[in-house]
J.: 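Sharing a structure here in structure tokens format.
As the structure lists them, so they are numbered: ligands from 1, and atoms in each ligand from 1.
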Amino acid sequence: MKPISDKTAELRRLSAEVKAGAAPEKVAAQKKAGKLMARERLGLLLDEDSFQELDLLRSSRAREYGLGDRPLPADGVVTGMGRIRGRSVCVYSQDFTVLGGTLGLAHAEKICKIMDLAVESGSPVIGLCDSGGARIQEGVDALGGYAEIFYRNVQASGRVPQISAILGPCAGGAVYSPAITDFVFMVKGISRMFITGPEVIRAATGEETDSDSLGGAETHSRKSGVCHFVANSEQDCFRQIRELFEFIPQNCKETAPNKVCTDSPKRASDVLDQISRMDPGRVYNIRDVIHEVSDDHTFFQVHRDFAKNLVCGFIRLEGRPVGVVANNPKVLSGALDIDASEKGARFVRFCDAFNIPLLTLVDVPGYWPGVEQEHGGIIRRGAKLLYAYCQATVPKVTVVLKKAYGGAYDVMGSKHVRGDINFAWPCAEIAVMGSEGAVSILFAKELRGGKGGERRRELVEEYSRRFANPYLAAQRGYIDEVIEARLTRPKVIQAFRFLQNKHAPRIDKKHGNIPL
Ligand code: HXC
């Protein structure tokens, strides 16, 4: 082999110096905290040997508070391009060992460059966040740097998928970049997200908390809904991100990748038949329905632990990715509340932005009643799901499984909000409300004073016979076909096959005004 030139040797030396990273004690502290190194993370996330680093030699010009006296390798963030399942992605990975992964101007500009390249090349962006936030020594340059990232997050929204993995602290305004991205992943034990930490909260409000219960993975996946996916380890997190990639396209002009389907599109299901025969009072698991409909019985769930009364996620039908939104009778009887409405709205909008057809499975008794819900803004916040369905132009297929009552019937992909093909099982009940409630209102005078018993039973039976069925809706064309429950998969597949080339003209306006 020929000896390398001096210039090449210098390049190799400079690169090696930066890649060697921070001082050994910082590396040791990162490991002790149970966290991987920034470059290790990229190695696990991306296809083998696919990472191409940019701006390796970029450095900070800040000199305040001794910044000029210490090396800040790569200014605390590794940026570049790589591949996931052979598809190109733009990535950044913050290096906590370099001044806590804090964000100064050069650090921000490196991230911005990657985001610009992502939009221009139509590639998803993935951020691996592990940072103490704005680098205090860089003052307003750090704040401006964050704002430049936020601005780009918004410009990229709906053009390329954006994913954030929180792999350490993420504090202050820094949380708003992940918040704008499409999906947030967190890892149990190491991820923390908050606007103000436990000390500030203690000083300001007197509340006692610790950083994990305030902003850990469990909190944000169950209570706040900030986090869509929880992982047990960093490796698990990267595996889940790679799995998500199977269902999402590169950008808004493309469709998600198809897979060869070996499951029969004509497969009938005895399980669905049994569920449809179940007593209306008995509760079933909506995931069983989703599994019976999907290719190979597989379902990739989003927001699994948040607002469990509405289940959202991705399946495949004949190999093509489809987004599923389904009421879950096991929690709050499947009613819609504030959290479910916001969760569903965000999911529907993601699918619509990225050409992923929507399958809606309906079993909903209505909106969840209560003073807390009303005062919490169910009117304004519940309207988000309605808005999202009305706005979505991707192919929409809806199946009313059992109950579809009141406003929730309208919202959940009904014909009126432009469901393309709407099915119902024969046991479906599509009405303003359930029989008991309706009789209590309609015959309040007659039933007053304890007159109930036999007469009430008669009235309930009569109402059920007249209204608690799918046939009135079918007569009016609001249901296109009443189908046998066991044939749900073939019917839904046929509908989506037909809708494959659906084209919805765009309305010429600047943008709508979704209730926020
Ligand atoms: C400058 C910082 C820093 C910061 C940490 N460091 N945060 N340097 N600016 N914001 C430095 C530390 O001085 C230390 O430097 C190194 O990073 C590692 O930090 P440690 O504290 O030793 O690590 P650890 O004990 O693991 O604690 C990590 C931490 C804590 C939880 C992140 O450092 C912390 O609470 N930092 C402040 C977080 C915060 O309040 N951020 C919000 C900033 S305001 P040495 O010299 O030892 O290597 C903000 C607003 C953004 O982000 C606004 C956008 C609109």
J.: Is the side chain of Gln162 donor-acceptor paired with the backbone N or O of Asn153 at a distance under 3.5 Å, no angle test?
T.: yes

J.: Check for me whether Arg316 meets the cation-pi criterion with Phe247, that is, NZ or CZ under 6.0 Å from the six-membered ring centre and within 45 degrees of the ring axis.
T.: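 Judged by the rule, Arg316 and Phe247 form a cation-pi pair.
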
J.: Does Asp75 pair with Lys110 as a salt bridge, N-O distance under 4.0 Å?
T.: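 Salt bridge flag = no for Lys110 with Asp75.
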
J.: Check whether any protein heavy atom sits under 4.0 Å from atom 40 (O) of ligand 1.
T.: no

J.: Would you sort out whether Ser60 and Leu105 count as a side chain to side chain contact (heavy atoms under 4.5 Å, CB included), showing the intermediate values?
T.: CA-CA 7 Å; Ser60 172; Leu105 186 60; over 6 Å; no

J.: At their closest point, which heavy atom of Phe496 faces which heavy atom of Leu358, and how far apart are they?
T.: CZ-O, 3.3 Å

J.: For atom 21 (O) of ligand 1, decide whether some protein heavy-atom distance is shorter than 4.0 Å.
T.: no

J.: Check ligand 1 against Tyr146 and write out every atom of the ligand that is under 4.0 Å from a heavy-atom position of the residue.
T.: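 Near Tyr146, meaning under 4.0 Å from one of its heavy atoms, ligand 1 has 51 (C), 54 (C).
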
J.: Using a 4.0 Å cutoff against the non-hydrogen atoms of Ile136, which atoms of ligand 1 qualify?
T.: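 The list of qualifying atoms is 1 (C), 4 (C), 9 (N), 10 (N).
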
J.: By number and element, which atoms of ligand 1 are closer than 4.0 Å to a non-hydrogen atom of Arg135?
T.: 9 (N)

J.: Evaluate Ala134 for polar contact with ligand 1, using N/O atom pairs at a separation under 3.5 Å.
T.: yes

J.: Under a 4.0 Å N-O cut-off, is there an ion pair linking Arg242 with Asp47?
T.: yes

J.: Identify, by atom number and element, the atoms of ligand 1 in contact range of Gly133, meaning under 4.0 Å from any of its heavy atoms.
T.: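 Going through ligand 1 atom by atom, the ones under 4.0 Å from Gly133 are 52 (O).
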
J.: Does the residue Gly197 have a heavy-atom contact with ligand 1, meaning some pair of atoms that are separated by less than 4.0 Å?
T.: no

J.: Short check: is a protein heavy atom less than 4.0 Å from atom 51 (C) of ligand 1?
T.: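 Yes; the ligand atom in question has protein heavy-atom contact below 4.0 Å.
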
J.: Okay, side chain of His220, backbone of Gly216: is any donor-acceptor separation there less than 3.5 Å?
T.: no

J.: Within a distance under 4.0 Å of any heavy atom of Lys26, pick out the atoms of ligand 1 and give their elements.
T.: 45 (P), 47 (O), 48 (O)

J.: Between the side chain of His303 and the main-chain N/O of His228, is any donor-acceptor distance below 3.5 Å?
T.: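 No, His303 side chain to His228 backbone: no donor-acceptor pair under 3.5 Å.
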
J.: Do you see a protein non-hydrogen atom under 4.0 Å from atom 47 (O) of ligand 1?
T.: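 Answer yes: something from the protein, a heavy atom, is under 4.0 Å.
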
J.: Any nitrogen or oxygen of Gly100 lying under 3.5 Å from a nitrogen or oxygen in ligand 1? Just yes or no.
T.: yes

J.: State if Tyr176 counts as touching ligand 1 under the rule of any non-hydrogen atom under 4.0 Å.
T.: no

J.: Answer yes or no for atom 14 (C) of ligand 1: protein heavy atom present at a distance under 4.0 Å?
T.: no

J.: Heavy-atom distance from atom 17 (O) of ligand 1 to the protein below 4.0 Å?
T.: yes

J.: At a 4.0 Å threshold, what atoms of ligand 1 neighbour a non-hydrogen atom of Ala171?
T.: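 Under 4.0 Å from Ala171, ligand 1 has these atoms: 52 (O).
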
J.: Please confirm whether Gly132 comes within less than 3.5 Å of ligand 1 when only nitrogen or oxygen atoms on both sides are compared.
T.: yes

J.: Specify whether the nearest protein heavy atom to atom 9 (N) of ligand 1 is under 4.0 angstrom away.
T.: yes

J.: Give a yes or no on whether the backbone of Arg58 and the side-chain of Asp55 come within a donor-acceptor separation of less than 3.5 Å.
T.: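 Not a single qualifying donor-acceptor pair exists.
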
J.: Is Arg192 close enough to touch ligand 1? Criterion: a residue heavy atom under 4.0 Å from a ligand atom.
T.: no

J.: In the complex you have, is atom 32 (C) of ligand 1 within reach of the protein, judged by whether a heavy-atom distance drops under 4.0 Å?
T.: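 Within 4.0 Å: yes, protein heavy atom nearby.
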
J.: State the atoms of ligand 1, each with its element, that fall below the 4.0 Å cut-off from a heavy-atom position in Leu143.
T.: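 Numbered from 1, ligand 1 contributes 53 (C).
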
J.: Got a second to check how far Glu234's CD is from Arg239's CZ, nearest 0.5 Å?
T.: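 Rounded to the nearest 0.5 Å, the CD-CZ separation comes to 14.5 Å.
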
J.: With a sphere of 6.0 Å drawn around CZ of Arg87, does it hold more than 12 non-hydrogen atoms of other residues, nucleotides or ligands?
T.: yes

J.: For ligand 1, which is the ligand I care about here, please tell me if Arg70 has any N or O atom under 3.5 Å from one of the ligand's N or O atoms.
T.: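 Such a contact does occur with ligand 1.
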
J.: Is there a donor-acceptor pair closer than 3.5 Å between any side-chain N or O of Gln94 and the backbone N or O of Asp130?
T.: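 Yes, Gln94 side chain to Asp130 backbone: donor-acceptor pair under 3.5 Å.
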
J.: State, yes or no, whether a side-chain contact exists between Ile114 and Val91 at a heavy-atom distance under 4.5 Å.
T.: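 Of all side-chain heavy-atom pairs linking Val91 with Ile114, none is under 4.5 Å.
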
